[in-house]
Protein chains: 2
Amino acid sequence: MSVKIKDVAKEANVSVATVSRVLNNIPLVNDETKKRVQEAIEKTGYKPNAIARSLKMQKTNTFGIMIPDISRPYYTQVIRGVEDVCNIYNYNIILCNTDSEPTKEEKYFDVFLEKQVDGILYIGKGLSQALINKIESNKTPIVLGAVNDAMGRYHSVAINNELAAYDITNHLIENGHREIAFFTDEDEKSYVGQERKKGFLKALKKHGLKENPIFELKGKYSIRGGYDLMGELLTNTKLPTAVVALNDEMAIGAIRKLEDSGKKVPEDMSVVGFNNFQLSEWLKPGITTVAQPMYDIGAICARIMIKMLNNSKIDEKAVIVPHELIIRDSVKKL
Amino acid sequence: MSVKIKDVAKEANVSVATVSRVLNNIPLVNDETKKRVQEAIEKTGYKPNAIARSLKMQKTNTFGIMIPDISRPYYTQVIRGVEDVCNIYNYNIILCNTDSEPTKEEKYFDVFLEKQVDGILYIGKGLSQALINKIESNKTPIVLGAVNDAMGRYHSVAINNELAAYDITNHLIENGHREIAFFTDEDEKSYVGQERKKGFLKALKKHGLKENPIFELKGKYSIRGGYDLMGELLTNTKLPTAVVALNDEMAIGAIRKLEDSGKKVPEDMSVVGFNNFQLSEWLKPGITTVAQPMYDIGAICARIMIKMLNNSKIDEKAVIVPHELIIRDSVKKL
DNA sequence: CTGAAAGCGCTTACAG
DNA sequence: CTGAAAGCGCTTACAG
């Protein structure tokens, strides 16, 4: 049996109330009593029971965080950011992989409530209506990472996805590209996918270019996904001179397929990605991409959450973090 | 205010004991009463409070898991394995990044105890003496993932690291390599590093080859680390024909440095890695490596933990999962 | 400055 | 089959 506060109290010859006070650094304890209690704690090897404390305090110092898939490097960095600030403020996190499936998101939301988390961090493609209903019928604070809330109801931290897509498309156009393919998410409801599509189209429009529907391909956010999509694209008789892939893994797959088909990047086709995957700088060709401050997104989410719990004032509801166009070698100047 | 078991009881006109019984599927409840309670639960939208339950039951259904760094892909897969089986059995996990630093490991161990986790999963380079002391003065079950316990005290799940290193070194030797460099961990205490070194030396010895201390270089388990190490290696006047890097990221970095120095892989030097990093098959050249079943390691760890908590019999203390030599294009036959 | 007591939201042995 | 009550290990308002 482990030692309880009662045991410490007995050892120190005081009441449990007093022990609790020294544990929580409540000032009005006599210095000598305090020392006696501290010695008793030391001697007994007492460790407070966080569960009991949570029940009494109605606060668990735990966040629930849902992400699509922890084995994807993008999310992994976000989580590290969250963890690092959580550690500073003594919060723990419960992690759930949703695979971006709304039913899993809903299930885990309920799990979080049962576990009495103090706040929920949502990272995913966007809130389903069912999830919004759950959020609304509940007072648990929520913050969104890597997505914005289209309606501006909840706190969020993300880059400006539309602008990011605009920037990289613009980069292509300024390098003389006129026919540009777009490799996007197979999930039409993806908020981020939609935003980037908007930015892509806006850049086209600004330069008087028209979208070619044949060049918009939907697939998986993976190397294999990009590889397959490029396979599809190459069946066309007319080819674009460049492709915008919605993440770097897709871009890597697309490049590999091009090379396997005897084509060179960027000589025969330019390919750009998104997210600045850690490997993207090491590959040949280095991949031109848009970097997101993933670690910061996670860290800021956690900070906002903690502020909400402390009822501190939070400056802006939707925090936009800066993206950065990273130019490497996968784009040819025409 | 959220609804409590008391509110449900009132609604259904029964005692809280009865509500608790239907919640926990304890059979001896009248069918009709049961239905009334279920309706009341539905109506009030009651969700049980897991914290209160944990306090009473002395069981949190939570595992603490410590890993070096969640942003490294190797660990990320392990975690996914853990999570997936935890979900099946309704366990949650609290995650901590230790960066393989013993002081952090010790700190988080205490955090886990305070949080009353039901079990601890240790993933790291090996147990420090201080950590062992903590484990011993405590009854919380522990299982080790990706490392073995040299003394056989604790349950563990890992590949046979010595044999894996032996196999891949052997592969090099059978391809005619006689001078082989070894890129290893800068941390001498790494248990895994030591085991692999043993296997490396054993393979050398078997073929009557001698170790060349100049060719053993210590560095970081990252692309940058491999890049730098290769830079160091290349300062020698005499060069090996092959290098064994202790992970694929290191191997990728080494290859990049070779290429940046105008050398070709595998023509000028062969390079092999470890772990079968997801990108290793997509690169040119494809990297010859040893695959570990990372997801399975995590999943099995979790299953063992759960068995321990149920006092089920567990067949073996140290589970060895199979590794696999994956031959791609980074080794030249001499 | 300190202690006795209530209460956080559950579960379960006991009695009926 | 069901309920009253104790208790899990804490914190804190209240009284002294």
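Quick note on labels: first sequence line is chain A, next is B, and so on, each numbered from 1. The structure displayed is predicted, hence computed values, not measured ones.
- A sub-4.0 Å separation between OP1 or OP2 of dC10(D) and a side-chain N or O of Ser54(A) is absent.
- Side chains of Asn310(A) and Ser312(A): a donor-acceptor N/O pair is absent below 3.5 angstrom, by distance only.
- One can place CG of Leu55(A) at 17 Å from P of dA6(C), the figure rounded to the nearest angstrom.
- Residues Pro27(A) and Ile5(B) both approach DNA chain C. Their nearest nucleotides, taken by heavy-atom distance, put Pro27(A) toward the 5′ side.
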Base-pair string, DNA chain D, Watson-Crick plus G-U, cut-off 3.5 Å on both distances, | for inter-strand, is |||.||||||||.|||

Walk me through whether Lys115(B) and Thr60(B) qualify under side chain to side chain contact (heavy atoms under 4.5 Å, CB included).
CA-CA 8 Å; Lys115(B) 292 261 173 179; Thr60(B) 53; over 6 Å; no

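- Of all heavy-atom pairs between Asn13(B) and Arg36(B), the closest is O-NH2, 3.7 Å.
- If you measure from atom CZ of Arg36(A) to atom C1' of dC1(C), you get 12 Å, rounded to the nearest angstrom.
- The distance between atom CG of Asn49(B) and atom P of dC8(D), rounded to the nearest whole Å, is 18 Å.
- No side-chain heavy atom of Thr62(B) sits less than 4.5 Å from a side-chain heavy atom of Ile93(B).
- With a 4.5 Å cut-off on side-chain heavy atoms, Pro293(A) and Ile159(A) count as touching.
- Look at CD on Glu114(A): it is 15 Å from P on dG9(C), rounded to the nearest Å.
- Side-chain atoms of Tyr108(A) and Asn87(B) form a donor-acceptor pair, as typed in the model, at a separation below 3.5 Å.
- dG16(C) and dT12(C) have their C1' atoms separated by 16 Å, given to the nearest Å.
- Considering only heavy atoms from C-beta on, Ile65(A) stays 4.5 Å or farther from Ile94(A) through its side chain.
- A donor-acceptor pair shorter than 3.5 Å cannot be found between the side chains of Lys47(B) and Asn49(B).
- Between the P atom of dT11(D) and the NZ atom of Lys6(A) lies a distance of 15 Å, rounded to the nearest Å.
- In this structure, the nucleotide among dC10(C), dG9(D), dT2(C) sitting nearest to the side chain of Ala52(A) is dG9(D).
- Following rounding to the nearest Å, Asn25(B) (CG) and dT11(C) (C1') show an atom-to-atom distance of 15 Å.
- Side-chain nitrogen and oxygen atoms of Gln58(A) include at least one within less than 4.0 Å of the OP1 or OP2 phosphate oxygen of dG9(C).
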What's touching nucleotides 12-14 of chain C from the protein side, N or O pairs under 3.5 Å?
from, atom 1, to, atom 2, distance (Å)
dA13(C), N6, Arg21(B), NH2, 3.1

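- For the pair Ile51(A) CD1 and dG7(D) C1', the computed distance is 17 Å after rounding to whole Å.
- Across the protein-nucleic acid pair, Leu28(A) atom CG and dG3(C) atom P stand 13 Å apart, rounded to whole Å.
- When atom types are taken as modelled, the side chain of Thr44(B) and the backbone of Ile41(B) share a donor-acceptor pair closer than 3.5 angstrom.
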